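None of these values were measured; they are calculated from a predicted model. All values below come from the heavy atoms of this structure, side chains included, with hydrogens, waters and symmetry mates left out.
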Amino acid sequence: MIERSERAGPALVDVRMHLARPDRPVVARVVENRRCTASAKAAAFVRHITFDLSGTVLEGQFVAGQSFGVLPPGLDDKGKPHKLRLYSLASPTVGEDGQGRIVATTVKRNIVEDPVSNKLHLGVASNFLCDSQPGDEVRLTGPNGKRFVLPADPGAHDYFFIATGTGIAPFRGMLLDLLAAEVPSRITLITGVAYASDLLYHDELVSHALKHPNFTYLTAISRERQPDGAPPMYVQDRLGREIDRLGEILASDRSLIYICGVAGMELGIFQRLTDVLDTEARQGFLEIDPEVAQNTATWDRWMIHKQVRPTRRVFLEVY
C-alpha cells in the first residue's frame, strides 16, 4: 500500500503552449553564441545561445521553465527531415532583453564515438546550434511545457533547484525571475558536473549568491575533489553533506523541489531524501511503498512513479 501525502502542490503560473507547431515553425535569428563553461579548457563543449523572436507569434510568450523546439535543416539518412529537438529555456520570463524578444538556451555538443567503427557521430541539432553564428536563421516551435514552471504565488514558497549538466538551463531563468521579484523565499541551487571546469554560468551564479543572501549556490564535482578539499561527490551527496543547514528548510511545507538533468539522477536524490529526512518531512515530497521504505539501497529508477512516487511538491524533468 502506498503512503499518501495530504499536502497538495501549488497552483502554477499560467502558460501558453504550441503557438508555433512543427508544421508551422517561426524563423528566429541567432543573436549570440558563447561558451558558458567555467573554463575554456572544460571537457564538455557547452554554449549559451540566444535567439531573436521579434515579430513572430513566440515573442513574449515564454515562461521560465518552458522549452522550445528546434528543427535543424537537412535530411536524415532515410531522406526524411531531421526530427524536432526540445531545448529548455535558459532565460527569465522577460527574456534576455527584458521585453521577451530575446530568449536563450544552453546547448552541449553531442559527440559520440562508435565503439565498433571508431567513427564519430555528431548530434544533428546540438552541433547545428553550436556551429551557428549571429544572424543565422533557426526554425523554432513552442512554447512547450506547463508543469515545470514556478508557482503562481512565488513568494509563498522556498525552492530547491537540483541540476546536472545542462539541466541548469531552466533554473537560470527561474532564479532570475525570483530575484527580480525580490521574493522573501529561500532559494538553494545544487548543480553537479564532472569537473570544476565544466560548471555552467558559474561566475554569474556566484555573483547572484553574493548579492542576494536568500540565494545559496552549491556545487557537486563528481570526478575530482571539491574546491573546499572534500572528496568527489554527486548532487545527492552534496545534499546529504549540507543537511544540517538545509534540513530545516526541507522540513517546511513551503518548500518545493525542482530536479532537471540526465535520466536516472532523480533516483539518488530520492534515496538521499528518504535517508536524511524524518518521515513527516519526507512525506511532503515522496509517497513510498512501506515494503521498500527501509532499504533505499535496493531501489532502482524503474520503481519511480510506482513504489516511489514524487508528490505534487516535486517537479521533475529528465532527458
Side-chain angles (χ1 to χ4, degrees), residues 2 37 42-46 65 67 85-88 90 105-115 121 123 125-126 144-145 147-148 159-172 174 188-196 198-200 218-224 226 231-243 246 250 256-277 282 285-289 291-319:
I2 299 293
T37 51
F45 302 103
V46 187
S67 60
R85 175 73 162 84
L86 289 177
Y87 287 89
S88 293
T105 190
T106 312
V107 185
K108 178 182 178 180
R109 285 189 185 273
N110 185 5
I111 305 174
V112 180
E113 183 180 73
D114 187 297
H121 292 272
S126 69
N144 298 83
R147 170 153 167 80
F148 203 81
Y159 302 89
F160 279 84
F161 298 144
I162 306 176
T164 58
T166 56
I168 199 171
F171 300 142
R172 178 179 181 268
M174 291 180 181
T188 301
L189 169 63
I190 303 176
T191 182
V193 293
Y195 303 99
D198 293 330
L199 288 167
L200 304 178
L218 301 170
T219 64
I221 314 300
S222 64
R223 296 185 186 176
E224 62 185 24
Q226 312 305 307
M233 65 177 68
Y234 293 96
V235 287
Q236 64 266 27
D237 302 318
R238 174 61 74 187
L239 179 63
R241 285 178 64 91
E242 303 292 335
I243 197 63
L246 301 180
L250 283 165
L256 307 175
I257 296 176
Y258 290 73
I259 299 170
C260 187
V262 64
M265 66 171 290
E266 70 275 26
L267 175 62
I269 295 168
F270 292 163
Q271 288 171 312
R272 191 56 52 90
L273 287 171
T274 302
D275 291 339
V276 301
L277 296 179
R282 185 263 297 163
F285 302 113
L286 297 171
E287 300 169 342
I288 304 173
D289 188 324
E291 296 179 359
V292 302
Q294 301 305 315
N295 191 0
T296 61
T298 64
W299 292 5
D300 63 55
R301 63 181 301 254
W302 308 114
M303 297 166 65
I304 297 174
H305 301 298
K306 297 176 182 178
Q307 293 167 289
V308 179
R309 298 176 53 178
T311 71
R312 299 293 290 180
R313 288 172 56 198
V314 176
F315 300 80
L316 186 62
E317 187 166 282
V318 296
Y319 46 85

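For the residue pair Ser88 / Tyr319, no side-chain donor-acceptor distance below 3.5 Å is found, with atom types taken as modelled. Between the side chains of Asp275 and Thr296, a donor-acceptor pair is found at a separation under 3.5 Å.
Side-chain N or O atoms of Trp299 include none that pairs as donor or acceptor with a backbone N or O of Val308 at under 3.5 Å. With hydrogens and angles disregarded, a donor-acceptor distance shorter than 3.5 Å links the side chain of Gln226 to the backbone of Ile221. Under a 3.5 Å cut-off, the side chain of Asn295 and the backbone N or O of Val292 do not form any donor-acceptor pair. Side chain of Ser126 to backbone of Asn110: a donor-acceptor contact under 3.5 angstrom is found.
Heavy-atom minimum distance, Arg241 versus Pro231: NH1-CD, 4.4 Å. Between Thr105 and Ala90, the shortest heavy-atom distance links the atoms CA-CB, 3.9 Å. Smallest separation of non-hydrogen atoms from Ser222 and Ala194: OG-CA, 3.4 Å. Closest non-hydrogen pair, Thr219 versus Arg238, comes out as O-NE, 2.8 Å. In terms of heavy-atom proximity, Thr164 sits nearest to Val262 at OG1-N, 3.3 Å. In this structure, Leu286 and Pro310 approach most closely via the heavy-atom pair CD2-CA, 4.0 Å.
By the neighbour-count criterion of 12 heavy atoms within 6.0 Å, atom CD of Glu113 is densely surrounded, having more than that number from other residues, nucleotides or ligands. A 6.0 Å sphere centred on CZ of Arg223 holds no more than 12 heavy atoms belonging to other residues, nucleotides or ligands.
For the atom pair OG1 (Thr298) and CD (Glu291), the distance works out to 11.0 Å, reported to the nearest 0.5 Å. Atom CD1 of residue Ile257 and atom CD of residue Glu266 lie 13.0 Å apart, to the nearest 0.5 angstrom. The distance from atom CG of Leu267 to atom CZ of Arg301, rounded to the nearest 0.5 Å, is 8.5 Å. Rounding to the nearest 0.5 angstrom, the gap separating the CZ atom in Phe285 from the CZ atom in Arg313 is 4.0 Å. The structure places CG of Leu256 at 6.0 Å from OH of Tyr159, a figure rounded to the nearest 0.5 Å. Note that CG of Leu189 is 11.5 Å distant from CE of Met174, once rounded to the nearest 0.5 Å.
Between Ile259 and Val235 the shortest side-chain heavy-atom distance does not fall below 4.5 Å. Inter-residue side-chain proximity for Asp198 and Val46 is flagged as unmet; no heavy-atom pair is nearer than 4.5 Å. For the pair Gln236 and Ile190, the minimum side-chain heavy-atom distance is 4.5 Å or more. Annotation: side chain of Leu200 is not in contact with side chain of Thr191 (no heavy-atom distance under 4.5 Å). At a threshold of 4.5 Å between non-hydrogen side-chain atoms, the residues Ile288 and Arg282 count as touching.
Remark: Arg272 fails to qualify as a cation-pi partner of Phe270 under the 6.0 Å distance and 45° angle criteria applied to the six-membered ring.
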Please report the C-alpha distance between Gln307 and Glu287 in whole Å, then the side-chain angles of each, then the deciding distance to 0.1 Å, and finally whether the side chain to side chain contact (heavy atoms under 4.5 Å, CB included) criterion is met.
CA-CA 8 Å; Gln307 293 167 289; Glu287 300 169 342; over 6 Å; no
Given Ile168 and Val193, is the side chain to side chain contact (heavy atoms under 4.5 Å, CB included) satisfied, shown in steps?
CA-CA 10 Å; Ile168 199 171; Val193 293; over 6 Å; no
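Checked against the 6.0 Å centroid criterion, the rings of Phe315 and Phe148 do not qualify as a close aromatic pair.
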